There are 2 protein chains.
Amino acid sequence: MKTLTKYHYDYPRPALTTDCVIFGFDGGELKLLLIEREKKPFKNRWALPGGFVFIEEATEDCAKRILLEKAGIKNVFIEQLYTFSDVKRDPRERIISVSYFALVNKHQYELIAGRDTIKAEWFELSKLPKLAFDHRKIVKTAIQRLRGKVSYQPIGFELLSEKFTLTQLQALYESILEIDIDKRNFRKKILGMGLLQPLEEKEKNVAHKAARYYSFDKKAYKELTQKGFHFEL
Amino acid sequence: MKTLTKYHYDYPRPALTTDCVIFGFDGGELKLLLIEREKKPFKNRWALPGGFVFIEEATEDCAKRILLEKAGIKNVFIEQLYTFSDVKRDPRERIISVSYFALVNKHQYELIAGRDTIKAEWFELSKLPKLAFDHRKIVKTAIQRLRGKVSYQPIGFELLSEKFTLTQLQALYESILEIDIDKRNFRKKILGMGLLQPLEEKEKNVAHKAARYYSFDKKAYKELTQKGFHFEL
DNA sequence: GCATCATAGTGTAATTATTACACTAAAAGC
DNA sequence: GCTTTTAGTGTAATAATTACACTATGATGC
């Protein structure tokens, strides 16, 4: 690769990081995975997992690397959120953050987070601690994005296991959107879309009628989308 | 400001630019403002107006600066679009682009674009020339964003003059969404929202019944929004 | 000044989607 | 086999969306 100055740009350059807002859900309230900072600035404060972007690394790859290195998470839904570039957002120097948000099946990663040397913890959205840098602002942006998107793109499923009951799905939507949903209307609508595959399997060892499991039918979604269908809850 | 290396980050850094996708509308098809590159690479190719981000400049300020310097445009709607970071998106070296999209009242800027030394021109979306770098991809992303947003946020008005007729507004939506809209239903819905202020003024010198002008009532929109109203067309 | 042309502006009925609401079914624990 | 708890379902009332055709008005040309 050629040198930079050859191409009329030898100004000082901002540093680049990515920060990841990681959402998880376990049936109750929506949660966020945070890690405790080990170094200054904001030593011992909770923060979004993040890190510097390498010179030959796309920001999305960087986000995936950080997800893996700092939270032990891989192969999950990830989407670019926003690029935060306030000049004073980092007290050290000019650092721009290209932020991402991830949706993970929390159960699958419960054991991994908090392992090793990195202190990681799930926090309910309503009980977030004080955060480092401008991470509060980043989180707020991510929540808004998630709320906005969840009604017109089937991304909620990313937060559930492969198999889920309709009650779990409804609880997820209620939790994200912070609204109450009528059970019958919810089922009518979501089943009417033809995106859920009913499975033979049912809940076990529950002290009430066992609920049927469903899975999200990606193939059907793809086909319907090509025919002009658009998801809307 | 302290030096960087003090803080464990002295890797080479990608360069940072912003690129601006500028939409305009003059009653027919949606248009894009492009400028011709004067230098290599892609010399004489059409490209999005863009430029390097200064070390003490937020990316949004950079975008505004570029809008003014390269297109003579200021005080318009602007929103961050996406950050493009493919390692090979620029043949010179690693350059990351934080892209923005702007909506301008084309008539207001018709005279300014194309002035001075910079060659600028409006292109219909369906007749775009070959673009430099990955700008085609950026444009595609911008169109998708505009299409997605225009139905649930009242941003379309940014493309029209302060005063506009309902026919103009309808033509705008038809143009952006590439659909036909029923005149009566469109009017019923948009007027029913209570966001349009009918003006006394009507069209002049038209060879048919003169249409009434309306303006977008920002105050009413703000108030309604606080009461939980949400724009949807 | 009257006819023509072009677009502005309006009402209603049929269809579809949304909402609100209450009971029966089944599994486990005692 | 009784109790507890949640799963699962139908229907009527209301609201929103769609489809569709005619009259009103201003300018122009004769």
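Below, chain A is the first sequence line, B the second, and so on; all start at residue 1. Since the structure is predicted, the reported quantities are computational estimates derived from the model, not experimental observations.
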Inset, instruction - Report the distance from atom NZ of A:Lys189 to atom P of C:dA17, rounded to the nearest whole Å. - result: 10 Å

Legend entry - Spacing between B:Arg187 atom CZ and D:dA19 atom P, to the nearest angstrom: 18 Å

Inset, instruction - Evaluate the side-chain proximity of A:Gln80 to B:Thr83: yes if any heavy-atom separation is below 4.5 Å, no if none is. - result: yes

Inset, instruction - Would you mind checking if B:Arg45 and B:Glu36 are paired as a salt bridge, meaning a charged N to carboxylate O distance below 4.0 Å? - result: no

Legend entry - A:Glu178 bridged to A:Arg147 by N-O distance under 4.0 Å: yes

Legend entry - Salt-bridge criterion met for A:Lys227 and A:Glu223 (N-O under 4.0 Å): no

Legend entry - A:Phe186 CZ to C:dA17 C1', straight-line distance once rounded to whole Å: 17 Å

Inset, instruction - Would you kindly say whether A:Ser97 and A:Asp19 are connected by a side-chain donor-acceptor distance under 3.5 Å? - result: yes

Inset, instruction - Scan side-chain atoms only and decide if A:Thr141 and A:Arg136 contain a donor-acceptor pair under the 3.5 Å cut-off. - result: no

Inset, instruction - Evaluate the ring planes of A:Tyr221 and A:Phe216, with Trp represented by its six-membered ring, and classify them as parallel (under 30°), tilted (30 to 60°) or perpendicular (over 60°). - result: tilted

Legend entry - Distance, rounded to the nearest Å, where A:Leu233 contributes CG and C:dA17 contributes C1': 14 Å

Inset, instruction - Within residues 166-181 of chain A, find the residues that approach DNA chain C with a heavy atom at under 4.0 Å, and present them sorted by residue number. - result: none

Inset, instruction - Among A:Phe25, A:Phe157, A:Tyr214, find the one that has a ring-ring contact (aromatic ring centres under 6.0 Å, His included) with A:Phe164. - result: A:Phe157

Legend entry - Nucleic acid footprint by protein, nucleotides 20-30 of chain D - heavy-atom cut-off 4.0 Å, B for base, S for sugar-phosphate alone: BB--BBBS---

Legend entry - Runs of at least three Watson-Crick or G-U pairs with DNA chain D, cut-off 3.5 Å: C:1-30 with D:1-30

Inset, instruction - Would you kindly say whether B:Thr59 and B:Tyr100 are connected by a side-chain donor-acceptor distance under 3.5 Å? - result: yes

Legend entry - Residues A:Arg145 and A:Glu79 bridged, charged N to O under 4.0 Å: yes

Inset, instruction - Would you check if A:Ile22 and A:Pro49 make a side-chain contact, meaning some heavy-atom pair closer than 4.5 Å? - result: yes

Inset, instruction - Find the distance A:Ile190:CD1 to D:dG8:C1' and express it as a whole number of Å. - result: 16 Å

